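Everything numeric here is computed off the predicted structure, so don't read it as measured data.
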2 protein chains.
Amino acid sequence: MKITMAAEYAVRCVLYLAQQGSDVLVNRQEIASQARIPDSFLTKIAQDLARAGIITIKQGAKGGYALHRPPRQVNMLEVVEAIIGEISLNECVTKPAACPASPNCAANLVWQEARRRVRDTLRAADFESLAQAGACVSPFPPPPSPPETRP
Amino acid sequence: MKITMAAEYAVRCVLYLAQQGSDVLVNRQEIASQARIPDSFLTKIAQDLARAGIITIKQGAKGGYALHRPPRQVNMLEVVEAIIGEISLNECVTKPAACPASPNCAANLVWQEARRRVRDTLRAADFESLAQAGACVSPFPPPPSPPETRP
DNA sequence: GATAAATAAGACTAAAAAAATCCTATTTAT
DNA sequence: ATAAATAGGATTTTTTTAGTCTTATTTATC
Ligand code: SF4
Ligand code: SF4
């Protein structure tokens, strides 16, 4: 029930690029060291991101990576799914054939809903906001339930 | 980004028990075959569920498993977390020490929010509803966006 | 109390996935 | 031409998941 390190590294990579500005080319070693990603692993991750149209790779001397679009138009869902594929919490959600009970299963609906909400949350997080946000600015409305701050 | 088979089996086990009624004792083999859980694996899962106070185990001849509380008072979050521990999508959410950036990271807040929403969704799914729901009754309000069923 | 029917508990194994790493090839600025 | 970069794939190591097996204990029943 965790995302993989590769997905986390991908987010860090894109976030770092977003922080440098929209079209800035950054070499891999810099990204790797600044975002604390194993350099050789980053080559793999970058390839997936490039295939997904999120970054552009420039080869050769003075090569490196750059965002392919403005940070505002890249969100965490895309980045994560570029690496790990479509998020789903239980196989029966994306492949109903995986479980004979699926057409008739209330739990399946719960997994679907949970999945939908995770994906919506990640989709709402674009990299312009993330790059600007810095510390403690939440892009989300305050939780409806927890009754503690107002006595 | 998937729950484990063990967690899925746990849900099936509890759901099956809930379907049999509140205090009905069912032997393990029946649960295993009806809920399609490898029998020997179910012994492990049951132990975790028992430790979490979700089921009661009766040993010896004519032994078996039963719900420890009314199905209404058991939800999917408890069951899943009894097996896999506290859900979190990225280690930095539950252990901020895992990443030095965490106090200052906007992505961290996104992961927190996503986690909160998954957990809320699972918490809302109690086993009385699940057992009754049968087929296509969703315990959730219709999604706000997808515009297809009403032409 | 003996017996048989159940589960407990934990060690163990096998398979799969994740997390890298390494090596050879290609691209490109100078 | 050369050196500085990345590409791409094969390989390895580690971790996690999934499941099994064996021995011990509990309990109903005769
Ligand atoms: S029982 Fe329901 S939730 Fe579990 S795998 Fe089958 S369809 Fe999915
Ligand atoms: S960079 Fe942010 S999201 Fe990634 S591990 Fe660190 S705190 Fe978590």
Side-chain angles (χ1 to χ4, degrees), chain A residues 1-13 17 24-33 35-52 54-68 80-91 98-99, chain B residues 1-13 17 24-33 35-52 54-66 68 80 82-91 98-99:
Chain A
M1 197 65 171
K2 288 209 172 57
I3 57 150
T4 62
M5 289 309 293
E8 161 64 23
Y9 292 153
V11 170
R12 284 194 211 163
C13 171
L17 290 174
V24 181
L25 192 73
V26 185
N27 84 30
R28 173 162 33 88
Q29 285 203 9
E30 176 182 336
I31 301 173
S33 71
R36 307 184 317 286
I37 304 170
D39 180 71
S40 49
F41 200 11
L42 181 52
T43 68
K44 292 312 178 49
I45 292 162
Q47 284 167 40
D48 285 342
L49 291 175
R51 257 175 241 126
I54 294 168
I55 67 172
T56 297
I57 299 180
K58 186 174 180 205
Q59 286 197 127
K62 305 243 172 182
Y65 306 148
L67 285 188
H68 183 61
V80 169
E81 292 197 337
I83 307 297
I84 64 174
E86 277 229 327
I87 286 175
S88 95
L89 308 186
N90 199 340
E91 193 165 23
C99 178
Chain B
M1 198 63 172
K2 288 210 173 55
I3 57 150
T4 62
M5 289 309 293
E8 161 63 23
Y9 292 153
V11 171
R12 285 193 210 164
C13 170
L17 290 174
V24 181
L25 192 73
V26 185
N27 84 31
R28 173 162 33 88
Q29 286 203 9
E30 177 181 336
I31 302 173
S33 70
R36 308 185 316 287
I37 304 170
D39 181 70
S40 49
F41 200 12
L42 181 51
T43 67
K44 292 313 183 47
I45 292 162
Q47 285 167 41
D48 285 342
L49 291 174
R51 258 176 240 126
I54 295 168
I55 67 173
T56 298
I57 299 179
K58 187 177 179 203
Q59 285 197 126
K62 305 243 172 182
Y65 306 149
H68 183 61
V80 169
I83 307 298
I84 64 173
E86 279 228 325
I87 286 175
S88 94
L89 307 187
N90 200 341
E91 192 164 25
C99 177

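The nearest whole Å value for the distance from the CD atom in B/Q59 to the P atom in D/dT27 is 6 Å. Atom CG of A/D48 is separated from atom C1' of D/dA7 by 13 Å (rounded to the nearest Å). The separation between A/L42 atom CG and D/dG8 atom P is 14 Å, rounded to whole Å. Taking atom CG on A/D39 and atom C1' on D/dT6, their separation rounds to 10 Å, with Å as the unit.
Both A/S40 and B/T43 sit near DNA chain D, but only A/S40 has its closest nucleotide nearer the 5' end.
In 5' to 3' order, the nucleotides of DNA chain C bounding all contacts with chain B (an atom under 4.0 Å from a heavy atom) are C/dA5 to C/dA11.
Side chain of B/R12 to backbone of B/A35: a donor-acceptor contact under 3.5 angstrom is found.
Using a 4.0 Å heavy-atom distance criterion, B/Q29 is classed as making no nucleic acid contact.
Under the salt bridge (charged side-chain N to carboxylate O under 4.0 Å, His left out) criterion, no residue pair touches residues 55-66 of chain B, with sequence neighbours excluded.
Partners of B/Q47 under the side-chain contact (heavy atoms from CB on, under 4.5 Å) rule, at least two apart in sequence or in another chain, are B/T43, B/R51. For A/E86, the side chain to side chain donor-acceptor pair (under 3.5 Å) criterion is met by A/R115, A/R119, not counting sequence neighbours. Partners of B/A66 by side-chain contact (heavy atoms from CB on, under 4.5 Å), not counting sequence neighbours, listed by chain and number: B/L25.
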Enumerate all atom pairs, one protein N or O and one N or O from nucleotides 11-18 of chain D, separated by less than 3.5 Å.
{"from": "D/dA18", "atom 1": "OP1", "to": "B/M5", "atom 2": "N", "distance (Å)": "3.3"}
{"from": "D/dA18", "atom 1": "OP2", "to": "B/M5", "atom 2": "N", "distance (Å)": "3.0"}

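At a threshold of 4.5 Å between non-hydrogen side-chain atoms, the residues B/L17 and B/V24 do not count as touching.
Rounding to the nearest 0.5 angstrom, the gap separating the CG atom in B/L42 from the OH atom in B/Y65 is 5.0 Å.
With both pairing distances under 3.5 Å, C/dT30 is matched to D/dA1 as a Watson-Crick or G-U wobble pair.
A/D39 and A/Q29 share no donor-acceptor pair across their side chains, judged by distance under 3.5 Å alone.
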